[in-house]
2 protein chains.
Amino acid sequence: MADVARVAGVALGTVSNVLNHPAKVSPATLAKVQGAIAELGFVRNSNAQQLAAGRSSSIGLVVIDISNSLFVDIARGAQRFAAELGMNVLVANSDNRADQQRADLDFFDEARVSGILLAPMEDASDDVARIRSHGRPTVVLNYDSGKADCCQVLIDNEEVGYLAARHLIDMGRTRLAFVGGRDYLQPVALRRRGVRRAVEEEGGRVSLQEVPTENLDPPGGLRAGEELAGEVRAGRLDGVIAVTDLLGMAIIQVFNAHSIEVPGDVAVMGCDHNSAAWGGMIPLTSVQMQGLDMGREAVRLLMAEIEDGADHVHVTTMLQPELVVRESTVGRRIAANPDL
Amino acid sequence: MADVARVAGVALGTVSNVLNHPAKVSPATLAKVQGAIAELGFVRNSNAQQLAAGRSSSIGLVVIDISNSLFVDIARGAQRFAAELGMNVLVANSDNRADQQRADLDFFDEARVSGILLAPMEDASDDVARIRSHGRPTVVLNYDSGKADCCQVLIDNEEVGYLAARHLIDMGRTRLAFVGGRDYLQPVALRRRGVRRAVEEEGGRVSLQEVPTENLDPPGGLRAGEELAGEVRAGRLDGVIAVTDLLGMAIIQVFNAHSIEVPGDVAVMGCDHNSAAWGGMIPLTSVQMQGLDMGREAVRLLMAEIEDGADHVHVTTMLQPELVVRESTVGRRIAANPDL
DNA sequence: GTGAAAGCGCTAACAT
DNA sequence: ATGTTAGCGCTTTCAC
């Protein structure tokens, strides 16, 4: 930067002003300095800039699993909104490992980012508390710790389950199944609760069986599908709610192998509108998770907290999911081929 | 850090030694200092640390599209290998925008990261040249600029196309189609070339039609599928190579709507083994893109360049793709239900 | 509007 | 082995 000053024939402080407060500099000097910057290919050192200024224009986003499309959407939503505010978002992927997540948080803490966004899989209150105790604003996404010790952005997962069951019931289905083990995952537990609520509202008119799966991955769905196929044949099942889209698609595949028609014999739907769920021959009805909105809202809350300073009151934003109806529950319709 | 020194009753320099050269400190002092660090909840300021030390332990990864599963795999591969080396990877998503990509590169440049990994969609030589001229090592992934002015990690996309066509021919298919417009995308052009080579090797025994699509997205596939369905019915087509998996799945969906059997009437395959391609009722044969390996290799090349310093010779690593055969070209087989 | 100078928090070479 | 000190590159008062 001293070089730039010399080449431009001005003082070092003036170069700094050109970079940070261009309005405070006369147009002529400004041009001279910018010329020198271009000539020298000068790139300001953001480490020194942050050290001296004491503030950062970056936000750290820590996601537990970057291959999950919800978290990708969150990252994009956060990034786009942050860009509007002149901030940039750095993403660290924890690769489903708690220790890596901790390392990622510490990294951003050390880098003195202006704030951290955390999308964990399970409870991370301890880590959040540690970071927050260092005075770093932190917003948690997609997990409700219960304690309101930080801002949170959540999707109403109970409503997700409720919407799903409600939809099937509205379509005339009365013998439902909810597929998805691993109740220790918060979204699963909440969606299950919502499904139950919708079924209970029908007071006995609608039955519900709950099918555990070992894992939430396709193989788990294939196994569950075999079990469910028998239920369909026995006339005990006409509507399936899979807790994830991937599970739902696996189940459809098994049904197809058994010549069980979807949605003719049984309607199938997922719960976490996933880009991976597009491809099926039978597009899957699902529930939209509003990932872009979650990311955007999280940045908004973070900036608010930074602005508020000491007298900040934590806020929890609950986003409402939306039903996305496609043919796996209502029958065939392909946009590109309307005459079918 | 001065506080830590005071609490521990040692000099500031000793605290620095504890952090950076623990071996140079007596066990007793070490324990005292670590105690003080824990007590005060001290977190070192990495901006100051980098500024003073003049080196960074982070690598910047700029990807053009984080929702593309290849880039996600690259990120994971890079991150895992970097972690083994005690480095961490920061991901910036350019959201398919060239200006954002430039901003991301500049950001990492300003942050004085030890090196940059760039996975662009189209040519980015100018940007790379600019960054490199600042002395920052940069490795380009998945795009061959032609000029060997930096290390590159590529997948042999011509081989991808060749493997795909070779597979269909080996399965007895003789009337092929290659689907995928947008030849200005390097992977598309290369895969097309590979397909042609395989067909030419058969010297007229095998025919090939090339079907352009407006976009590489599912709607584009649906439209192409309609056209192809007519070709199948007319007996002019028995094997389809879609340049992406998503395109392939869309085509299968249209075939199914027309009661055309896959792979009975026509085999269909994709070219970029995509996690999104799992779900279909007919799992898609495709070609593995080795994303994890690409990420890993890119970090390896970057570290080598950093180590080599001035006398570094740029290297291009060409990874070989692998065929992943599934039922869309060979008939039904579902692992979970072997008796089908 | 401009230039000089005092740090920001840390590292590393030096002296002890 | 430990303490001392001069910067790293920048921002920002503060006089001019």
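In what follows, every heavy atom counts, from backbone to side chain, and hydrogens, waters and symmetry copies are set aside. A note on names: the letters A, B, ... follow the listed sequences, proteins ahead of strands, and every chain is numbered from 1.
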Interatomic distance, A/H134 atom NE2 to B/F42 atom CZ [nearest 0.5 angstrom]: 10.5 Å
Would you say A/H21 reaches C/dG1's phosphate, i.e. side-chain N/O to OP1/OP2 under 4.0 Å? no
Of B/L30 and A/N20, the one whose closest nucleotide on DNA chain D sits nearer the 5' end is B/L30
The helix from C/dG1-D/dC16 to C/dT16-D/dA1: angle between end helix axes, five pairs per end, rounded to 10 degrees: 30°
Which of these nucleotides, C/dA12, C/dT2, C/dT11, is closest to any side-chain atom of A/T14? C/dT2
State the CG-CD1 distance between B/L90 and B/I116, to the nearest 0.5 angstrom. 11.0 Å
Could you tell me the separation between the CG atom of B/N45 and the C1' atom of D/dC10, rounded to a whole number of Å? 13 Å
Could you state the atom-to-atom distance from CE of B/M1 to C1' of D/dG3 in whole Å? 13 Å
For atom CZ of A/R112 and atom P of C/dC8, their distance in whole Å: 14 Å
Checking all strands, does B/N47 fall into the base, sugar-phosphate, or nothing category for heavy-atom contacts under 4.0 angstrom? nothing
Given D/dA1, C/dG9, C/dC8, identify the nucleotide with an atom nearest to the side chain of B/T29. D/dA1
Which whole-number value in Å describes the distance from A/N17 CG to D/dT13 P? 11 Å
Atom CG of A/N157 and atom CG of A/L319: how far apart are they, to the nearest 0.5 Å? 11.0 Å
What integer distance in Å separates A/L51:CG from D/dG7:P? 17 Å
Length of the CD-C1' vector between A/E110 and C/dC8, whole Å: 17 Å
Carefully, step by step, assess B/D149 and B/R132 under the rule salt bridge (Lys or Arg N to Asp or Glu O under 4.0 Å). CA-CA 9 Å; B/D149 53 358; B/R132 291 198 63 90; over 6 Å; no
A/R296/A/D293 salt bridge by N-O under 4.0 Å criterion: no
How about B/N20 and B/R44: does a side-chain donor come under 3.5 Å of a side-chain acceptor? yes
Please say whether more than 12 non-hydrogen atoms of neighbouring residues, nucleotides or ligands are located less than 6.0 Å from CD in A/E307. no
Indicate, with a heavy-atom threshold strictly under 4.0 Å, whether A/S16 touches base, sugar-phosphate, or nothing. base
Does a side-chain N or O of B/R55 approach OP1 or OP2 of C/dA12 to a distance below 4.0 Å, or not? yes
Counting any heavy atom closer than 4.0 Å, what does A/V10 reach on the DNA or RNA strands: base, sugar-phosphate only, or nothing? sugar-phosphate
Tell me: CG of B/L12 to P of C/dA15, nearest whole Å? 19 Å
If each of B/S26 and A/A48 is mapped to the nucleotide of DNA chain D with the nearest heavy atom, which maps nearer the 5' terminus, i.e. the 5' end? B/S26
Which nucleotide, D/dT2, D/dG3, C/dC10, lies nearest any side-chain atom of B/V25? D/dT2
With the side chain of B/R44 defined as its heavy atoms from C-beta on, choose the nearest nucleotide among D/dC10, D/dT11, C/dC10. C/dC10
Round to a whole Å and report the spacing from CG of A/L19 to C1' of D/dC10. 10 Å
Does A/G54 reach a base, just sugar-phosphate, or nothing at all? Heavy atoms under 4.0 Å. nothing
How long is the straight-line distance from CG of A/N45 back to CG of A/N47, given to the nearest 0.5 Å? 5.0 Å
